[in-house]
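A quick write-up on the structure given underneath.
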Protein chains: 2
Amino acid sequence: MVQENHSKVPIPTLGRLATYLRVLNELQMLEVSTVSSAEIEQQTGINAAQFRKDLSYFGEFGKPGVGYSVSELQQSIAKILKLDRRQAVLLVGAGNLGSALVGYQGMAEHRMELMGIFDSNPSKIGTMLGTLRVQSIHCLVEVNMKLNARIAILAVPAQVAQSVSEILVEAGVRAILNFAPIPLRLPENVAVRNVSFMQELAVLSYQAAEEVSQLSEFESF
Amino acid sequence: MVQENHSKVPIPTLGRLATYLRVLNELQMLEVSTVSSAEIEQQTGINAAQFRKDLSYFGEFGKPGVGYSVSELQQSIAKILKLDRRQAVLLVGAGNLGSALVGYQGMAEHRMELMGIFDSNPSKIGTMLGTLRVQSIHCLVEVNMKLNARIAILAVPAQVAQSVSEILVEAGVRAILNFAPIPLRLPENVAVRNVSFMQELAVLSYQAAEEVSQLSEFESF
DNA sequence: TGCTGTGAATTAGTTCACAGCG
DNA sequence: CGCTGTGAACTAATTCACAGCA
């Protein structure tokens with residue numbers, strides 16, 4: 001499981017790159033040809049120096065006094081993120097969350113294509129989700145010999161997340177977006193990103209209260 | 001929009017607190033009465049020193065040589081996160097993602113209760129989602145005068161996210177979990193957490209490729 | 001002895017500020 | 001000039017390492 005940054009690129013930088021890419025796509029639709037770091041800050045809320053620093057990890061993409069070519073930068077970032085060509089993605093877990101992700105158009109925008117959906121629940125297997133038929137998890141390894149997806153979304157209950165993730169690794173998956181609230185123990189050459197709504201809501205619960213207490217502190221003057 | 005840490009508690013600490021709380025709930029069900037930081041590390045993958053440091057921002061909860069009382073620590077953390085009593089939560093956007101969140105049991109486990117669902121789409125308004133009826137967004141301010149929810153989940157398209165978020169603030173919401181891929185511009189006393197699947201997938205896309213290149217580097221010997 | 005709590009050291013990430021190019 | 005690219009300064013977060021209590 002990749003935790004350390006083997007290379008020297010900060011992980012938050014990679015996330016922001018995806019944001020820049022989305023904005024560049026939009027600008028290209030609006031036929032804007034050039035953009036400055038200050039305009040990117042305006043659009044994204046990300047500090048202009050941060051934007052320039054993020055790009056500096058990968059090379060020089062702008063022209064001093066002018067800015068960046070929208071189309072060139074768009075292509076450069078897509079290439080960095082390996083989103084310059086279709087990426088096959090697997091989904092395991094056809095529950096509420098899995099179904100919602102099938103309809104998520106952000107993936108198509110970034111050329112990630114859901115190519116296989118798997119579940120262990122017999123009542124789900126065989127049903128259609130979008131254009132894909134839900135397959136048995138037992139077929140996963142075999143099916144991915146053809147698909148060759150390296151990225152998977154894991155949206156299964158916590159109890160089975162570890163064992164399913166091991167099947168994914170066996171099937172050749174190198175990167176997993178994990179929605180289960182448990183840490184996956186996997187070989188270190190497999191990248192894992194955990195998404196936890198509960199963590200986010202807990203932070204907000206604390207912060208919502210924090211603000212109130214600050215207000216009442218203020219009001220007490 | 002709260003970005004800065006007004007107090008000195010790191011935001012990642014708050015997220016991890018939610019993880020500890022979940023594990024403590026489980027231990028309590030198993031009737032385990034005492035736990036050490038090393039055992040927490042075992043369960044969560046979070047470094048034992050990190051766990052102790054996280055707690056140290058809020059007080060002293062353990063006994064040297066013994067560990068922590070599961071039930072006491074559970075209550076203490078719940079109190080810190082304001083999850084020691086029911087928290088009302090609003091959901092705006094009854095699309096795929098919103099529907100999936102309705103079925104998410106992690107919320108109930110942490111005493112967060114979805115109390116109102118809103119949408120602007122006339123074909124959605126009036127339909128049932130779980131036990132709740134989807135209401136018009138125009139009723140939001142009025143409805144929340146009774147509910148008094150301070151936390152909301154924003155699962156609407158990017159184009160309307162800013163204006164809907166302003167309605168939430170007008171209705172008294174102080175904390176927003178934002179699934180729209182745009183930065184919300186809101187008063188600084190409103191906390192916002194952004195969730196972006198695309199960012200996570202982009203990071204993974206990069207890392208999946210990175211690992212491959214490392215492997216091939218290795219194979220080339 | 002076995003654990004916690006925590007300053008100190010370290011590592012990671014962000015922002016500044018400015019040299020230098022177009 | 002107006003912008004980029006980037007070392008240097010700063011701020012944030014993690015991990016170490018150990019003193020001290022039960």
Side-chain angles (χ1 to χ4, degrees), chain A residues 2-17 19-20 24 32-70 72-73 76-77 80 183 193-194 199 203 206-207, chain B residues 2-17 19-20 24 32-70 72-73 76-77 80 183 193-194 199 203 206-207:
Chain A
V2 180
Q3 301 297 49
E4 339 77 49
N5 234 351
H6 290 285
S7 59
K8 64 287 150 265
V9 182
I11 288 175
T13 290
L14 298 170
R16 287 189 297 266
L17 249 28
T19 300
Y20 307 145
L24 290 166
V32 176
S33 62
T34 295
V35 71
S36 69
S37 61
E39 288 162 343
I40 292 285
E41 172 164 0
Q42 177 62 24
Q43 289 284 313
T44 61
I46 299 166
N47 179 295
Q50 180 77 267
F51 169 76
R52 298 198 302 274
K53 173 71 83 177
D54 285 340
L55 293 181
S56 76
Y57 292 109
F58 303 98
E60 306 192 1
F61 303 95
K63 292 203 213 323
V66 181
Y68 302 81
S69 152
V70 169
E72 284 175 23
L73 187 57
S76 300
I77 293 179
I80 291 165
R193 308 279 309 155
N194 298 300
Q199 285 205 359
V203 171
Y206 178 90
Q207 291 183 325
Chain B
V2 180
Q3 302 296 46
E4 339 76 47
N5 234 354
H6 291 285
S7 59
K8 65 287 150 266
V9 183
I11 288 174
T13 289
L14 298 170
R16 286 189 297 264
L17 248 31
T19 300
Y20 306 145
L24 290 166
V32 176
S33 63
T34 296
V35 71
S36 68
S37 60
E39 288 162 342
I40 293 284
E41 172 165 359
Q42 177 62 24
Q43 290 282 314
T44 62
I46 298 166
N47 180 294
Q50 180 77 267
F51 169 76
R52 298 198 302 274
K53 173 71 85 177
D54 285 341
L55 292 181
S56 76
Y57 292 110
F58 304 97
E60 306 192 359
F61 303 95
K63 292 202 213 323
V66 181
Y68 303 80
S69 152
V70 169
E72 284 176 23
L73 187 57
S76 300
I77 293 178
I80 290 165
R193 308 275 311 153
N194 298 300
Q199 284 204 1
V203 172
Y206 178 90
Q207 291 183 324

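By convention in this document, chain letters (A, B, ...) are assigned in the order of the sequence lines, proteins followed by strands, and residues within each chain are numbered from 1.
- What separates CG of B:L73 from C1' of C:dG5 is a distance of 14 Å, to the nearest Å.
- Between the CZ atom of A:R16 and the C1' atom of C:dA12 there is a distance of 12 Å, given to the nearest Å.
- For A:N47 and C:dA17, the CG to C1' distance is 12 Å, given to the nearest whole Å.
- Closest of all the heavy-atom pairs between B:T34 and B:E39 is O-OE1, 4.0 Å.
- None of A:T19, A:T13, A:I40 except one satisfies the side chain to side chain contact (heavy atoms under 4.5 Å, CB included) rule with A:F51; the exception is A:I40.
- Summarising the geometry, the separation between CD on A:E60 and P on D:dG5 is reported as 6 Å, rounded to the nearest angstrom.
- In this structure, the OH atom of A:Y57 is 16 Å from the C1' atom of D:dT4, given to the nearest Å.
- Between A:T13 and A:P64, the one whose closest nucleotide on DNA chain C sits nearer the 5' end is A:T13.
- The separation between A:L14 atom CG and C:dA12 atom C1' is 14 Å, rounded to whole Å.
- The nucleotide whose nearest atom lies closest to any side-chain atom of B:S36 is, among C:dT4, D:dT14, C:dT14, C:dT4.
- Considering only side-chain atoms of A:P12, the nucleotide from C:dT14, C:dC3, C:dT15 that sits closest is C:dT14.
- Side-chain N/O atoms of B:Y68 include none lying less than 4.0 angstrom from OP1 or OP2 on C:dG2.
- In this entry the distance linking NZ of A:K63 with C1' of D:dC1 reads 18 Å, nearest Å.
- With contacts defined as side-chain heavy-atom distances shorter than 4.5 Å, the pair A:R52/A:Y68 qualifies.
- For residues 49-56 of chain A, proximity to DNA chain C is found at A:A49, A:Q50, A:R52, A:K53, defined as any non-hydrogen atom under 4.0 angstrom from a strand atom.
- Using a 4.5 Å cut-off on side-chain heavy atoms (C-beta onward), B:L17 and A:Y206 make no contact.
- In this entry the distance linking CD of B:E39 with P of C:dG2 reads 14 Å, nearest Å.
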